[in-house]
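Quick notes on the structure that follows.
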There are 2 protein chains.
Amino acid sequence: MLSTSNDHSMTMLIRKLESIATLSDEERQTILRLPVRTRVLNVGQDIVRDGDKPSQSCLILDGWACRYKMLDGGRRQIMSFHIPGDIPDLQSLHLHTMDHSLATLTKSTIAFIPHESLRELTTRFPGIASVLWRDTLVDGGIFREWMVGMGRKSAFGRIAHLFCEMYLKLEAVGLAGEHRCPWPITQIDFGDALGLSNVHVNRTLQEMRGQGLITLRGCTLVIQAWDELIRASEFDPTYLHLEKRAT
Amino acid sequence: MLSTSNDHSMTMLIRKLESIATLSDEERQTILRLPVRTRVLNVGQDIVRDGDKPSQSCLILDGWACRYKMLDGGRRQIMSFHIPGDIPDLQSLHLHTMDHSLATLTKSTIAFIPHESLRELTTRFPGIASVLWRDTLVDGGIFREWMVGMGRKSAFGRIAHLFCEMYLKLEAVGLAGEHRCPWPITQIDFGDALGLSNVHVNRTLQEMRGQGLITLRGCTLVIQAWDELIRASEFDPTYLHLEKRAT
DNA sequence: CGACATGTTGATCATTGTCAAGTCAAGTGG
DNA sequence: CCACTTGACTTGACAATGATCAACATGTCG
């Protein structure tokens, strides 16, 4: 399925950017005019691969994706989860060789934006350049936070932290509310993201269910005890650098 | 100790930026004219703290620094090590609240550059903006690589990987060569960076010494078996995005 | 010389991984 | 519509990597 640019595609991007920064009318209009090519990808498809030298960046319109890296012996590390509005490989605009891969976690709609267009945009509009730069910096902040988890937190704390993080990110673009959000992630992905085995993820989730903290069934997460989750995971949302939330 | 800007201070920055990108003569001259205020800090001093809203970024002229975050119960996670030429809190240019702290690991000379000057620079010179953006993106790549280590590698692999990474970073700015580099890091810092206890770091280092892979004494690291270290740590330098090395 | 941080060693504990088997739900093809 | 396949989830038994605690050695620097 292919289509050419339209305002609708860019709405999600605007919403995301406005969750972490402020845009002027002119900037908003300029972004809406970006040329894109849209494609629908199935579950578990690579969007770009480690070693590629992409000439475009991708914007997620619908579905979830992740960055990951493979190691010897089939071990995998997922480095981030991405949701609609994210441009997960924006870094390829200035880092020409991919040092990791990017894949869908669900059936997804992806818009591709030529680097050429982005480069022109950032040269002509330093304000937009700042916002996009800021977006990649927030990503960096999330990486740091995950490092804290993997280095110094228990499996329980890490899982709880990820729930809080994804809930807030989804809420910021209007995809979650009332402590309820989509959760299309398998326990294997979960483990690969947090540096845990799927078996241990499973046991820890059961413990969280047992304590009445969450419900997780049929790809929907309900956080029943937000405060307790925050406490147990030492969660502090500062690192997400959210400015406002979508309605 | 205080001094005003001079070319000498900025030489280290130029060298660092030229290790990951190319600068035009004009860009180089412009950077050399940046105003800075220089200070010497002792070991273990905070440069900026979690929660601060800095109005300047710091450039390391001499010594080592690290980003870190404290958790309940005195646990600490170090998220990166920084060497001369690095601007470890460049992200504060666009993320106004610090989500972690920055401290010296050795007695260090630090230059402070006002955000105002950096903002003007990036607006007037999109090329310099790109290089600085690129620098923060390389940082992000390093975070991702550390995540892979903490999530999926053994203590041995993680330590070996860090040796390879720091050696190449130092070599790129002319501070290491012949598989020998300064190593002013305690085993406690080491553990806090890799998510290990200092005791386990100690034992693993002894194992590496026993296998004749490294020598580490008196703050100097000598890598005796580079290839074996690369292999054991699954090290691939792509993520450092180095373009050329200093002479 | 003495204090204090760093490094070293041993003993024991525990979180988490691995392996293996089995259940369950959803989808697919005959 | 049912047998079959497939992927995800669950459970148990056992192993291992690395943590913790405690003591002691070794610097190094004022």
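A note on names: the letters A, B, ... follow the listed sequences, proteins ahead of strands, and every chain is numbered from 1.
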| request: Report yes or no: does B:Arg209 contribute a side-chain atom to a donor-acceptor pair with the main-chain N or O of B:Leu216 at less than 3.5 Å? | output: yes
| task | Ignoring hydrogens and angles, tell me if any N or O in the side chain of B:Ser57 forms a donor-acceptor pair with the backbone of B:Ile113 under 3.5 Å. | result | no
| request: Could you give me the CA-CA distance, side-chain angles and deciding distance for A:Leu240 and A:Ile142, then say whether side chain to side chain contact (heavy atoms under 4.5 Å, CB included) is met? | output: CA-CA 7 Å; A:Leu240 292 172; A:Ile142 297 174; 3.8 Å; yes
Give the table of side-chain donor-acceptor pairs shorter than 3.5 Å for residues 66-73 of chain A, with sequence neighbours excluded, one pair per line with atom names and distance.
| residue | atom | partner | partner atom | Å |
| --- | --- | --- | --- | --- |
| A:Arg67 | NE | A:Ser80 | OG | 3.0 |
| A:Arg67 | NE | A:His82 | NE2 | 3.2 |
| A:Arg67 | NH1 | A:Pro88 | O | 3.2 |
| A:Arg67 | NH1 | A:Gln91 | OE1 | 3.2 |
| A:Arg67 | NH2 | A:Pro88 | O | 3.3 |
| A:Arg67 | NH2 | A:Asp139 | OD2 | 2.3 |
| A:Tyr68 | OH | A:Asp46 | OD1 | 2.7 |
| A:Tyr68 | OH | A:Asp46 | OD2 | 3.2 |
| A:Lys69 | NZ | A:Asp99 | O | 2.9 |
| A:Lys69 | NZ | B:Glu145 | OE1 | 2.6 |

| request: Strictly below 4.0 Å, heavy-atom distances to any atom of DNA chain D: list the hits from residues 191-199 of chain B, or just say none. | output: B:Gly195, B:Leu196, B:Ser197, B:Val199
| query | Taking any atom under 4.0 angstrom from a heavy atom of chain B, which nucleotides of DNA chain C are the first and last to qualify, 5' to 3'? | reply | C:dT6 to C:dA11
| Can you tell me if B:Arg37 uses its side chain to pair, donor with acceptor, with the backbone of B:Phe112 under 3.5 Å? | no
| request: Examine B:Trp183 together with B:Phe190 and report whether their ring centres are nearer than 6.0 Å. | output: yes
| query | Rounding to a whole Å, what distance do you find between A:His200:NE2 and D:dA15:C1'? | reply | 15 Å
| request: Any chance you could measure A:Ile60, atom CD1, to A:Thr104, atom OG1, to the nearest 0.5 Å? | output: 9.0 Å
| field | Selection: residues 205-225 of chain A, any non-hydrogen atom under 4.0 Å of DNA chain C | value | none
| request: Count the heavy atoms belonging to other residues, nucleotides or ligands that lie under 6.0 Å from CZ of A:Arg76, then report whether that count exceeds 12. | output: yes
| request: Please report the C-alpha distance between B:Glu234 and B:Arg152 in whole Å, then the side-chain angles of each, then the deciding distance to 0.1 Å, and finally whether the salt bridge (Lys or Arg N to Asp or Glu O under 4.0 Å) criterion is met. | output: CA-CA 11 Å; B:Glu234 300 180 65; B:Arg152 292 293 179 226; over 6 Å; no
| field | Side-chain (A:Thr204) to main-chain (A:Phe156) donor-acceptor, under 3.5 angstrom | value | no
| Near-strand residues of residues 64-84 of chain B, defined as heavy-atom separation under 4.0 angstrom from DNA chain D | none
| request: Please confirm whether A:His161 and A:Tyr239 have ring centers closer than 6.0 angstrom. | output: yes
| message | Counting only heavy atoms not in B:Arg49 (residues, nucleotides, ligands), do more than 12 fall under 6.0 Å from its CZ? | response | no
| Taking B:Asp236 for the side chain and B:Thr238 for the main chain, is one N or O donor matched with an acceptor at less than 3.5 Å? | yes
| Please walk me through it: do B:Gln206 and B:Asn202 pass side chain to side chain contact (heavy atoms under 4.5 Å, CB included)? | CA-CA 6 Å; B:Gln206 287 178 54; B:Asn202 183 287; 2.3 Å; yes
| query | Rounding to a whole Å, what distance do you find between A:Asp189:CG and D:dG7:P? | reply | 14 Å
| Flag, side chain of B:Gln45 to backbone of B:Ala103, donor-acceptor distance under 3.5 Å | no
| request: Send over the distance from B:Gln187 CD to D:dG27 C1', rounded to a whole Å. | output: 13 Å
| Using a heavy-atom distance cut-off of less than 4.0 Å, which residues of residues 150-160 of chain A contact DNA chain C? | A:Ser154, A:Ala155
